[in-house]
Asks: 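Take this structure first; my questions come after.
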There are 2 protein chains.
Amino acid sequence: MFSKTCEYAIKAVLYIATQSLNNTRVKIGDVAENTGSPEAFTAKILSTLTKHNMLHSLKGPYGGFEIEEKKMKQIKISEIVYAIDGDAIYNGCGLGLDKCNALKPCPMHDKFVKIRSELKKMLETTTIHELATKIKTGKSILIR
Amino acid sequence: MFSKTCEYAIKAVLYIATQSLNNTRVKIGDVAENTGSPEAFTAKILSTLTKHNMLHSLKGPYGGFEIEEKKMKQIKISEIVYAIDGDAIYNGCGLGLDKCNALKPCPMHDKFVKIRSELKKMLETTTIHELATKIKTGKSILIR
DNA sequence: TATATTTCGGACAAAAATATCCTAAATATA
DNA sequence: TATATTTAGGATATTTTTGTCCGAAATATA
C-alpha cells in the first residue's frame with residue numbers, strides 16, 4: 001500500500017507525537033529504536049518531514065524532534081503519505097495506465113475509484129493527534 | 001497498490017481473454033504490444049500464470065496463449081494478485097508491523113481492516129470474464 | 001526428416017528502493 | 001572559548017524489483 005519509507009515516516013511522526021504529548025523531545029536514535037526502523041534512513045525521512053514543516057527539529061545537546069499539539073490536530077495522515085509517496089495512491093491507475101479516466105477507463109477503473117476514494121477519505125480525516133492518543137493510552141502499538 | 005509485475009499480469013490475462021472470446025490464440029509479442037508491457041518480462045509472467053493453471057499455452061507454430069470461457073468465469077482478479085504479489089495486500093499491516101492484529105493493533109489497524117476488506121471483496125467478486133467483456137465491447141481499454 | 005515457430009527456463013543486467021557512512025553545521029553547557 | 005551533542009546533507013553501498021538475452025524443448029508443416 002505505502003512504500004517502506006512512508007511506513008517509517010508515519011511511525012516516526014506518531015512516536016514523536018506521543019512523546020511531545022508528554023513534552024519530551026526525542027532524538028533520531030530514540031525514534032529508530034521505538035519504531036523498529038533503521039536509524040540513518042529514519043534521519044533522512046525526518047529531515048524531509050521537517051522541511052515539509054510537519055515536525056520541528058533542534059540541533060545540538062537537548063535537541064531532537066518535536067511536534068506541537070496544535071499541529072498534531074491539524075496534520076492528517078494523508079499529508080505524510082503525499083509528502084513521501086506522492087499522489088500515485090490517490091490518482092494513479094490501478095493497472096498502471098498512463099492515462100485512465102472515466103472517458104477512457106481501464107477495466108477496473110470504476111471499482112478502483114470507489115475503493116480509493118474511501119482510502120483517501122480515511123487518510124484525510126485521520127489526524128496525528130488521534131493516532132498518537134491511541135498509542136499514549138495503550139490502545140495500540142508502533143513496534144513488534 | 002499492486003506491483004508492476006502484477007499490473008502486467010492482469011493486463012496480459014485480460015488481453016488473452018478478450019482474444020479467446022474471439023477464439024483467437026495469441027503470442028507473447030501480441031500480448032506485450034497490446035498491453036504496453038516489456039515482451040521478455042511478460043513471457044516470464046505468463047509462464048508463472050500458466051503454471052498456476054490460469055492460462056493454457058501451446059508451443060510451436062500456431063501456438064500461443066488462450067483461456068477457456070469457462071475459466072474466465074471462474075477465475076477472479078484476486079487469484080492473479082495472490083499468485084503474483086502474495087497475500088501482503090490482504091493481510092499485511094499497513095504500517096509494516098510484523099505482528100498486527102485486533103489484540104495488538106497498530107494505530108491504523110481498524111481503519112485499514114475496513115478498507116482492505118472492501119478491496120478484497122472487490123477483487124474476489126470480479127472475474128476475468130466480466131472485465132474481458134468490457135474490453136471487447138469497447139467500454140474500456142488496456143493501453144494508453 | 002528438416003525447418004520454422006513458439007513457449008520455457010536459466011543466467012545476467014539495469015533501475016529503483018532501501019540503507020549506511022561520514023563530514024559539516026548548529027547549539028547548549030562548562 | 002572549547003567540548004560534547006545533535007540534526008543536515010552528500011556520497012556511497014546493498015537489496016529488491018524490473019527487465020533482457022539466449023539456448024533448449026516442443027510442435028506444426030512441408
Side-chain angles (χ1 to χ4, degrees), chain A residues 1-13 15-16 19-20 24-33 35-67 81 83-86 88-89 92 95-96, chain B residues 1-13 15-16 19-20 24-33 35-67 81 83-86 88-89 92 95-96:
Chain A
M1 189 84 84
F2 305 141
S3 69
K4 219 108 193 55
T5 307
C6 191
E7 292 176 359
Y8 294 154
I10 295 171
K11 287 191 284 187
V13 168
Y15 178 70
I16 293 165
Q19 296 309 104
S20 286
T24 304
R25 192 176 290 152
V26 291
K27 293 177 282 185
I28 288 174
D30 296 327
V31 176
E33 196 175 330
T35 57
S37 311
E39 183 166 331
F41 195 52
T42 301
K44 293 272 139 121
I45 297 167
L46 293 186
S47 210
T48 301
L49 295 171
T50 301
K51 269 186 227 136
H52 275 82
N53 203 32
M54 296 186 188
L55 298 173
H56 184 226
S57 74
L58 278 164
K59 288 180 184 173
Y62 301 91
F65 295 88
E66 62 194 0
I67 176 171
V81 174
I84 304 291
D85 283 350
I89 199 172
L95 296 185
Chain B
M1 190 84 83
F2 304 139
S3 69
K4 219 104 192 58
T5 306
C6 191
E7 292 176 358
Y8 295 152
I10 295 171
K11 286 191 284 189
V13 169
Y15 178 70
I16 293 165
Q19 295 309 104
S20 286
T24 303
R25 194 177 289 152
V26 291
K27 294 177 281 186
I28 288 174
D30 296 327
V31 176
E33 196 176 328
T35 57
S37 310
E39 182 167 331
F41 195 51
T42 301
K44 294 272 139 122
I45 297 168
L46 293 186
S47 211
T48 301
L49 295 172
T50 301
K51 270 187 225 133
H52 275 81
N53 202 31
M54 296 185 187
L55 298 173
H56 183 226
S57 75
L58 277 164
K59 288 180 186 172
Y62 300 91
F65 294 88
E66 62 195 0
I67 176 171
V81 174
I84 303 291
D85 283 350
I89 198 173
L95 296 184

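Excluded from the calculations below are hydrogen atoms, water molecules and symmetry mates; all remaining heavy atoms, backbone and side chain alike, are included. Numbered from 1 within each chain, the chains take letters A, B, ... in sequence-line order.
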Asks: Among D/dA4, C/dA19, C/dC8, find the nucleotide with the atom closest to the side chain of A/Pro61.
Replies: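 Given the options D/dA4, C/dA19, C/dC8, the side chain of A/Pro61 is closest to D/dA4.
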Asks: Nearest-Å distance, CD (B/Glu7) to C1' (D/dT17)?
Replies: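 Roughly 13 Å, once rounded to whole Å.
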Asks: Between A/Lys27 and B/Pro38, which has a closest nucleotide on DNA chain D that is more 5'?
Replies: A/Lys27
Asks: Taking only the side-chain heavy atoms of A/Ala40 (C-beta and beyond), determine which of D/dT7, C/dC21, C/dT7 contains the nearest atom.
Replies: C/dC21
Asks: Which part of the nucleic acid does A/Gly64 contact within heavy-atom distance under 4.0 Å: base, sugar-phosphate only, or nothing?
Replies: sugar-phosphate
Asks: With sugar-phosphate meaning primed atoms plus P, OP1 and OP2, does A/Ile28 contact a base, only sugar-phosphate, or nothing at under 4.0 Å between heavy atoms?
Replies: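 Counting heavy atoms under 4.0 Å across all strands, the contact made by A/Ile28 is with sugar-phosphate only.
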Asks: Should A/Leu58 and A/Glu66 be marked as a side chain to side chain contact (heavy atoms under 4.5 Å, CB included) after you check the CA-CA gap, both sets of side-chain angles, and the distance that decides it?
Replies: CA-CA 9 Å; A/Leu58 278 164; A/Glu66 62 194 0; 4.1 Å; yes
Asks: Can you tell me how far P of C/dT6 sits from CG of B/Leu55, to the nearest Å?
Replies: 18 Å
Asks: Does D/dT18 have a Watson-Crick or wobble mate here (both distances under 3.5 Å), and if so which one?
Replies: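 For D/dT18, the partner nucleotide comes out as C/dA13, under the 3.5 Å rule.
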Asks: Could you tell me whether the side chain of B/Ile67 reaches within less than 4.5 Å of the side chain of B/Met54, counting heavy atoms only?
Replies: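 Result no, sub-4.5 Å side-chain heavy-atom pair not found.
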Asks: Determine, stepwise, if the pair A/Thr5 / A/Thr48 fulfils side chain to side chain contact (heavy atoms under 4.5 Å, CB included).
Replies: CA-CA 11 Å; A/Thr5 307; A/Thr48 301; over 6 Å; no
Asks: Please report the distance, rounded to the nearest Å, between CZ in A/Arg25 and P in D/dT6.
Replies: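 For the pair A/Arg25 CZ and D/dT6 P, the rounded distance is 11 Å.
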Asks: Is the phosphate of D/dT18 approached by B/Thr5 (side-chain N or O, under 4.0 Å from OP1 or OP2)?
Replies: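 Answer is yes, contact under 4.0 Å.
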Asks: Return the value, rounded to whole Å, for the distance between atom CD of A/Glu39 and atom P of D/dT5.
Replies: 15 Å
Asks: Starting at CD of B/Glu66 and ending at P of C/dT7, how long is that distance when rounded to a whole Å?
Replies: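 From B/Glu66 CD to C/dT7 P: 12 Å.
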Asks: B/Val81 vs B/Ile10, test: side chain to side chain contact (heavy atoms under 4.5 Å, CB included). Steps then yes/no.
Replies: CA-CA 8 Å; B/Val81 174; B/Ile10 295 171; 4.2 Å; yes
Asks: For the pair B/Ile84 and B/Tyr8, evaluate side chain to side chain contact (heavy atoms under 4.5 Å, CB included) and give the outcome as yes or no after the intermediate values.
Replies: CA-CA 10 Å; B/Ile84 303 291; B/Tyr8 295 152; over 6 Å; no
Asks: Starting at atom CG of B/Asp30, determine the distance to atom C1' of C/dT7, rounded to an integer number of angstrom.
Replies: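 Whole-Å distance recorded here is 14 Å.
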Asks: Report the residue (A/Ser57 or B/Thr42) whose heavy-atom-nearest nucleotide on DNA chain D is the more 5′ of the two.
Replies: A/Ser57
Asks: Side chain of B/Phe41, heavy atoms from C-beta onward: which of D/dT18, D/dA8, D/dC21 has the nearest atom to it?
Replies: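 The closest nucleotide is D/dT18.
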Asks: Can you work out whether B/Gly60 or A/Lys44 has the more 5'-proximal nearest nucleotide on DNA chain C?
Replies: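 Per heavy-atom nearest nucleotide, the more 5' residue is B/Gly60.
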Asks: What is the separation between atom CZ on A/Phe2 and atom C1' on C/dT18, rounded to the nearest whole Å?
Replies: 18 Å
Asks: Quick one: does A/Lys51 reach the base of D/dG9 with a side-chain donor-acceptor pair under 3.5 Å?
Replies: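 No, no donor-acceptor pair under 3.5 Å.
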Asks: Taking a pair as Watson-Crick or G-U wobble with both distances under 3.5 Å, which nucleotide is matched to D/dA30?
Replies: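 Answer to the pairing question: C/dT1, which forms a Watson-Crick or G-U pair with D/dA30.
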Asks: Taking the side chain from A/Thr42 and the backbone from A/Pro38, do they hold a donor-acceptor pair closer than 3.5 Å?
Replies: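 Side chain of A/Thr42 to backbone of A/Pro38, a donor-acceptor pair under 3.5 Å: yes, one is there.
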Asks: As a test of reading the structure: which of D/dT7, C/dT18, C/dA19 is closest to the side chain of A/Tyr8, going by heavy atoms?
Replies: C/dA19
Asks: Can you tell me which nucleotide in C/dG9, C/dT6, C/dA19 comes closest to the side chain of B/Ser47?
Replies: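 Among C/dG9, C/dT6, C/dA19, the one nearest the side chain of B/Ser47 is C/dG9.
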Asks: Looking at C/dC8, C/dC21, D/dT29, which one has an atom nearest to any side-chain atom of B/Tyr62?
Replies: D/dT29
Asks: Measure from CD1 on A/Ile84 to P on C/dA17 and round the result to the nearest Å.
Replies: 13 Å
